[in-house]
Amino acid sequence: MTDNLPAERQDEVKSKANGTVNRRHVIAAGGAVAAVAGLGLAATATAAPETKAVAKARSAGSATTTSSGVCTLNAEVTEGPYSLEGALVREDIREDKEGVEVQYTFTVVDEANDCAPLADALVELWHCDSLGEYSGFVGGNGHTEEDDGTFLRGGQLTDENGQVSLISIWPGHYVSRAVHVHMRVHTDVTLTDDSYTGGEIIHTGQLFFDPDINTEIQAISPYSDNTTKETQLDDDTIYDGGGASSGLLTLTALGDSVSDGYTATLTVGVSTS
């Protein structure tokens with residue numbers, strides 16, 4: 001069934017069928033799981049200008065709760081075919097790419113240390129642009145554009161509270177996959193002027209977005225210029241429906257329109273043992 005897909009995308013489909021990556025387990029804190037439960041709540045009293053998606057995101061943000069020390073195990077997933085080594089260490093990974101702003105905040109905790117915050121871990125993200133193209137691999141989704149090999153890629157070190165913030169855009173889509181972001185967590189890296197060397201990858205995962213909000217965003221410019229077929233979250237070959245424990249982000253609207261952007265949060269645990 002995957003024979004008609006590009007060769008590099010068959011890796012993602014086959015990895016799902018083969019049970020994905022089993023070398024290590026990671027966790028998502030119970031607080032994040034509780035937060036995502038809010039995604040199912042409809043806003044009962046919102047301002048008239050708000051779209052359904054924005055109201056839903058606001059409801060999710062207000063429903064956030066915390067539950068310290070409660071962890072949910074989660075298997076890692078394939079990093080996919082579009083990874084590159086030596087990501088730039090920076091907070092804003094957008095470069096000149098246009099799209100709906102997403103302000104990420106991740107809290108990394110160590111299951112091997114009673115879910116204590118993990119400081120000085122490099123959290124790396126990469127994803128496609130509004131046309132479904134990855135830097136370093138432009139043309140994979142059928143579009144021609146400049147490719148510097150670095151747009152929408154980068155990472156930052158966690159602080160003493162295990163937190164890290166990154167700024168990017170909402171990803172577009174490409175054939176065979178639902179909208180997603182790739183993540184790796186590294187420990188013991190050595191920083192260079194603008195990148196890193198060495199270290200160990202202790203988590204490889206993917207992040208996912210509320211499908212109702214995504215539908216509204218994919219319908220506006222510049223995402224609407226991408227006319228390739230989109231796969232819905234429920235049909236994705238990687239996402240297993242596990243909510244926050246499977247990488248589903250908690251979203252909060254930054255304004256009254258989806259074009260105003262979102263904050264996206266998730267507590268991700270790793271085992272350093």
Side-chain angles (χ1 to χ4, degrees), residues 12 15-16 20-21 25-29 31-33 35-39 57 60-61 64 72 74-83 87 91-94 97 99-109 121-130 132 134 152-156 158 162-174 177-186 201-214 217-218 230-252 261-270:
E12 290 182 320
S15 67
K16 180 69 172 182
T20 320
V21 180
H25 282 78
V26 299
I27 56 163
V33 176
V36 171
L39 287 174
T64 300
T72 302
N74 178 32
E76 290 189 352
V77 301
T78 177
E79 70 178 19
Y82 297 120
S83 64
E91 181 180 20
D92 192 333
I93 68 174
R94 291 174 293 183
K97 290 299 176 179
V100 173
E101 182 174 321
V102 180
Q103 300 175 2
Y104 295 96
T105 299
F106 303 106
T107 302
V108 182
V109 295
L122 177 68
V123 177
E124 175 193 2
L125 300 183
W126 72 95
H127 61 84
C128 68
D129 65 8
S130 62
Y134 282 83
L152 304 178
R153 297 178 183 271
Q156 282 275 85
T158 57
Q163 290 193 337
V164 63
S165 296
L166 292 159
I167 301 173
S168 191
I169 63 168
W170 194 286
H173 65 273
Y174 60 91
R177 287 298 314 282
V179 171
H180 64 282
V181 170
H182 299 267
M183 169 189 276
R184 288 191 294 217
V185 179
H186 311 243
I201 297 173
I202 61 172
H203 170 46
T204 301
Q206 295 186 23
L207 310 174
F208 300 92
F209 298 82
D210 178 84
D212 292 337
I213 300 174
N214 179 64
I217 289 177
Q218 298 298 319
E230 181 178 359
T231 298
Q232 298 303 310
L233 186 62
D234 287 343
D235 299 321
D236 189 68
T237 58
I238 301 297
Y239 180 66
D240 63 7
S245 63
S246 298
L248 188 66
L249 294 158
T250 296
L251 303 171
T252 302
Y262 293 84
T263 64
T265 60
L266 189 69
T267 300
V268 179
V270 298

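Note that the structure is a prediction, hence the values are computed from the model and not measured. By convention here, the first residue in the shown sequence is residue 1.
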- Message: With a 4.5 Å cut-off on side-chain heavy atoms, are Val270 and Val108 touching?
- Response: yes
- Task: For residues Phe106 and Val185, determine if any side-chain heavy atom of one lies less than 4.5 Å from a side-chain heavy atom of the other.
- Result: no
- Find out whether Gln103 and Thr263 are in side-chain contact, i.e. whether some heavy atom of one side chain is under 4.5 Å from a heavy atom of the other. yes
- Note on the structure: Tightest non-hydrogen contact, residues Thr204 and Ile201, listed as OG1-CG2, 3.6 Å
- Query: Which pair of non-hydrogen atoms, one from Ile217 and one from Val100, has the smallest distance, and what is that distance?
  - Reply: CG2-CG2, 4.0 Å
- Glu230 and Asn214: which non-hydrogen atoms are nearest, and at how many Å? OE2-ND2, 2.8 Å
- Intermediate values then yes/no, side chain to side chain contact (heavy atoms under 4.5 Å, CB included), Met183 and Val123: CA-CA 7 Å; Met183 169 189 276; Val123 177; 3.9 Å; yes
- Item | Pairwise distance CD(Gln206) to CG(Leu248) - rounded to 0.5 angstrom | 13.0 Å
- Task: With rounding to the nearest 0.5 Å, note down the distance linking CD in Gln163 to OG1 in Thr267.
- Result: 8.0 Å
- Message: Any non-hydrogen side-chain atom of Glu101 less than 4.5 Å from a side-chain atom of Ile167?
- Response: yes
- Query: Which atoms form the tightest heavy-atom contact between Ile169 and Leu152, and what is the distance?
  - Reply: CG1-CD2, 4.0 Å
- Message: Donor-acceptor check, side chain of Ser168 to backbone of Ile93, threshold 3.5 angstrom: yes or no?
- Response: no
- Determine the interplanar angle of the Phe208 and Tyr239 rings, folded into 0 to 90°, and report it as parallel if under 30°, tilted if 30 to 60°, perpendicular if over 60°. tilted
- Message: Contact between Gln218 and Val179 at the side-chain level, heavy atoms closer than 4.5 Å - yes or no?
- Response: yes
- Message: For a side chain to side chain contact (heavy atoms under 4.5 Å, CB included) check, start with the C-alpha distance between Tyr82 and Arg153, then their side-chain angles and the critical distance, and finish with the verdict.
- Response: CA-CA 11 Å; Tyr82 297 120; Arg153 297 178 183 271; 4.3 Å; yes
- Query: Taking all atoms of both residues into account, what is the closest heavy-atom pair of Ala87 and Gly154, and its distance?
  - Reply: CB-CA, 4.2 Å
- Task: Over all heavy atoms of both residues, which pair between Val268 and Leu266 is shortest? Give the atoms and the distance, please.
- Result: CG2-CD2, 3.5 Å
- Determine yes or no for a side-chain-to-main-chain donor-acceptor pair under 3.5 angstrom, with His182 supplying the side chain and Trp126 the backbone. no
- Excluding sequence neighbours, so at least two apart, what forms side chain to side chain contact (heavy atoms under 4.5 Å, CB included) with Val181? Tyr104, Leu125, His127, Pro171, Leu207, Phe209
- Output for pair (Ile238 CD1, His180 NE2), nearest 0.5 Å, gives 8.0 Å
- Message: Run Ser165 and Glu91 through side chain to side chain contact (heavy atoms under 4.5 Å, CB included) and show every step you take.
- Response: CA-CA 7 Å; Ser165 296; Glu91 181 180 20; 3.9 Å; yes
- Message: Just verifying a value: how many Å separate Thr265 OG1 and Leu251 CG, rounded to the nearest 0.5 Å?
- Response: 8.0 Å
